[in-house]
Structures are given as C-alpha cells and as structure tokens.
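Shown next, in structure tokens, is the structure this report addresses.
Keep in mind it's a predicted model, so treat the numbers as computed, not measured.
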Amino acid sequence: MLSLLLRTFSRQVLIRAMSSSGPTSPYTTLSICRPTPSITHVELHRPEKRNAMNKAFWREMVQCFNEISDDSDCRVVLVSGAGKIFTAGIDLMDMASDVLQPDGDDTARISWNLRRTITKYQETFSVIERCPKPVLVAVHGACVGGGVDLITACDIRLCTQDAWFQVKEVDVGLAADVGTLQRLPKVIGSRSLVNELALTARKMYADEAKSSGLVSRVFPDKDALMAGALEMAEEISARSPVAVQGTKINLIYSRDHSVAEGLDYMALWNMSMLQTNDVMKSAQASMEKKSPKTIEFSKL
C-alpha cells in the first residue's frame, strides 16, 4: 500500500513539473521539459491563442523533433497542449500571407513557390513520424484541422472524455494538405468514415474516436490523461531502445509496404540488431521474473 502511495505521489510531482509557465528557449510556441531522464515532454504553448499554429510553430516543431531524434538520452516523447484545449488548428490570420499571397511573377512561379510552402509545412508533421523514438500524444478538448494532421503522425493517441476532433479544412475552402488525408485512412479502418469526416467537417467525439481506432484510450479528465500518458511513456522507456525504436521503424515500413516486403526488411534489420546485448539482458531478466525497469540499457 505504501509503495502504491509513493508511486502515485511521485507521478503527481512529475505531472506538476511538466506544467510550464511559458515556452522554452529557443522556442516561442513550445514548452519542453524532462519529467524523467528518458522522456521528453513537448507541450504546444500558446494557450491564449488556443494553441493555434502560427508561422513560428511550423518551424519550431521541425527543429524540436530533429533535436529529439538525435538525443540519445530521450527514449519516448509525449506531446500535449497547454490551456483549455489541445489546438484550434492553423492560425489563419498569421498564415494568410504565406498561403493566400505567394510570391511569383506568373502562374508557374506562384505555383512553384506555393508548392514549396506546402511541402515545408508537411515536414512539420512528417518529422514526428520519422522520429525513431515513439511519440505519444495526449489530447484534451478540441483538436481541430492541423491538430488532426499532427496526431495522425504520432504513434499512440490518447484523449480525455471531453475531447473532440474535426477535419476542418473543407469549411475554409481547401483540401487538407499536410497529412490528414494521407494518414487518417491508415489509422481508421473505415474508408467511408474517413471520407465522411473529411467531406463534412463534422466533429468526432471521444467515444467514437476510440471505437474507430483514432485513439486507444479515453480518460475522464486532463489530470488523469497526463498521468496515464506518463505511465505509458515510462513503461515504453523501460524497454530496450534497440527493440523499441526498431519496432517503430518496422511498423511504419510495414504499413506502407506489402507483407513480403515488410518481412524482408525485418530480416535485414534484425540481422544486425539481434546482435545487441539488450537481448541477453532482457532474456535474463525474464527468466528471473524481473521487470524490464530493473535493466540498465545503454544509450542508443
């Protein structure tokens, strides 16, 4: 009983430590902290603007996740939003000049520059998917437009009971162009449901999000969400980083290739990765009925 209370108290302390008063230098839209040495918490931090995605956000997310990818101390990433909601999506007022007034002397040059802008924004979320560390996202309240692009690039999606999701782009006169239309069909099994959400811009609430597979768990409130997300991140971070990162990379590869191609890639991957000391350490702990948390794995 005492150990349970101590673990609960410790997790509450960690969650409080994750709550930041403002963005972390050098960022203006993100707050970064380390609730544990191996977990990086990335918080969207424009609560006064409902975490709307301005020009700085699109640049800073790329910088942030490139740094995380190269950080050997980090084994798991947790993404959340500050304030009352996860995100209201694109900050249209801030982004209008890039999208509605692209540079160029004629149609070809205007189009070329607009394509460059769109592909730059696509990178903001593709960099999350390419990050070898598993990325958990904890959604509370609204997750609108670009928020759906963001979460579908993450590996594990969790939400609160009051969360709702909206592919908003058709309501503002465009087709979603930074990942939702490509990733959401691979996340949700029903193509009809994906089409419905994208074409009607209706809201999807937490229970439907769980039943459709958009999220894997629903929590009663944000405190419970963050506690559950942190507990899951700790479980993942306790495993071999060779095993965890190899699993993520091969899951994504297999999603986009045939079974035969996925198996061939897995064989090529593990012909070197199986030579890690982590296998023997994990096997020994398993035979001794010890938790993976008792094993000290080298950095990767």
Side-chain angles (χ1 to χ4, degrees), residues 42 44 52-53 57-59 61-62 64-66 68-69 77 79 86-92 95 98-99 102 111-137 139 142-159 163-204 208-216 247-259 261-262 265:
V42 178
L44 313 187
M53 301 171 176
F57 166 84
W58 299 88
R59 179 181 66 254
M61 282 289 282
V62 175
C64 175
F65 272 88
N66 279 335
I68 287 172
S69 293
V77 186
V79 178
F86 180 70
T87 179
I90 292 175
D91 187 333
L92 289 172
M95 302 285 292
D98 274 5
V99 177
S111 298
W112 194 264
N113 287 329
L114 189 54
R115 181 183 184 276
R116 182 184 292 118
T117 297
I118 293 168
T119 55
K120 179 179 69 174
Y121 291 150
Q122 288 173 345
E123 178 68 7
T124 297
F125 302 134
S126 293
V127 75
I128 298 174
E129 188 172 74
R130 285 201 310 273
C131 177
K133 289 77 187 287
V135 181
L136 287 67
V137 62
V139 178
C143 177
V144 179
V148 180
D149 294 293
L150 190 162
I151 69 168
T152 52
C154 297
D155 303 297
I156 299 174
R157 292 167 294 278
L158 314 170
C159 76
W164 54 272
F165 307 83
Q166 187 176 24
V167 183
K168 183 71 172 172
E169 282 80 358
V170 292
D171 276 355
V172 293
L174 57 92
D177 57 2
V178 291
T180 289
L181 301 185
Q182 292 69 42
R183 295 189 176 98
L184 190 59
K186 297 180 183 295
V187 170
I188 295 178
S190 170
R191 189 80 188 199
S192 178
L193 177 56
V194 171
N195 293 346
E196 177 190 340
L197 294 171
L199 294 170
T200 67
R202 76 164 174 86
K203 296 177 181 178
M204 172 187 272
E208 186 182 7
K210 185 174 187 300
S211 66
S212 69
L214 180 60
V215 302
S216 53
T247 296
K248 171 174 178 172
I249 290 167
N250 278 277
L251 281 170
I252 292 174
Y253 184 92
S254 293
R255 180 197 67 188
D256 300 330
H257 295 78
S258 70
V259 172
E261 289 170 326
Y265 188 76

If you look at every heavy atom in [X] and [Y], which pair is closest and at what distance?
{"X": "R202", "Y": "L193", "result": "NH2-CD1, 3.5 Å"}
{"X": "C159", "Y": "V215", "result": "SG-CG2, 3.9 Å"}
{"X": "M204", "Y": "S212", "result": "CE-OG, 3.7 Å"}
{"X": "G147", "Y": "F86", "result": "O-CE2, 4.4 Å"}
{"X": "V127", "Y": "M61", "result": "CG1-O, 4.0 Å"}
{"X": "S69", "Y": "P132", "result": "OG-CD, 3.6 Å"}

Among residues at least two apart in sequence or on other chains, which ones pass side chain to side chain donor-acceptor pair (under 3.5 Å) with [X]?
{"X": "K248", "answer": "D155"}
{"X": "S258", "answer": "E261"}
{"X": "D91", "answer": "R46"}
{"X": "D171", "answer": "K168"}

Applying ring-ring contact (aromatic ring centres under 6.0 Å, His included), can you list everything that pairs with Y253, at least two apart in sequence or on another chain? H257, Y265

Please name all residues satisfying ring-ring contact (aromatic ring centres under 6.0 Å, His included) with Y121, sequence neighbours left out, ordered by chain then number. W58

Distance-only donor-acceptor hits, side chain of residues 179-188, under 3.5 Å, sequence neighbours excluded:
from : atom 1 : to   : atom 2 : distance (Å)
T180 : OG1    : D149 : N      : 3.1
T180 : OG1    : D149 : OD1    : 2.7
R183 : NE     : E129 : OE2    : 3.0
R183 : NH2    : S126 : OG     : 3.2
R183 : NH2    : E129 : OE1    : 3.4

Judged by atom type as modelled, is there a donor-acceptor pair below 3.5 Å linking the side chain of E169 to the main-chain atoms of A175?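 No; zero donor-acceptor contacts below 3.5 Å.
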
Do [X] and [Y] touch side chain to side chain, with heavy atoms closer than 4.5 Å?
{"X": "V167", "Y": "V194", "answer": "no"}
{"X": "L44", "Y": "L150", "answer": "yes"}
{"X": "V139", "Y": "R157", "answer": "no"}

I68 vs V42, side-chain contact (heavy atoms from CB on, under 4.5 Å): CA-CA, chis, key distance, verdict: CA-CA 10 Å; I68 287 172; V42 178; 3.8 Å; yes

Which residues pass the side-chain contact (heavy atoms from CB on, under 4.5 Å) test with [X], sequence neighbours left out?
{"X": "T247", "answer": "L251"}
{"X": "V172", "answer": "L92, L174"}
{"X": "S216", "answer": "I156, L158"}
{"X": "A88", "answer": "R50, I85"}

Show me the pairs that pass salt bridge (Lys or Arg N to Asp or Glu O under 4.0 Å) and involve residues 113-126, at least two apart or across chains. E123-R130

Could you give the distance from CZ (F65) to NZ (K133), rounded to the nearest 0.5 Å? 11.0 Å

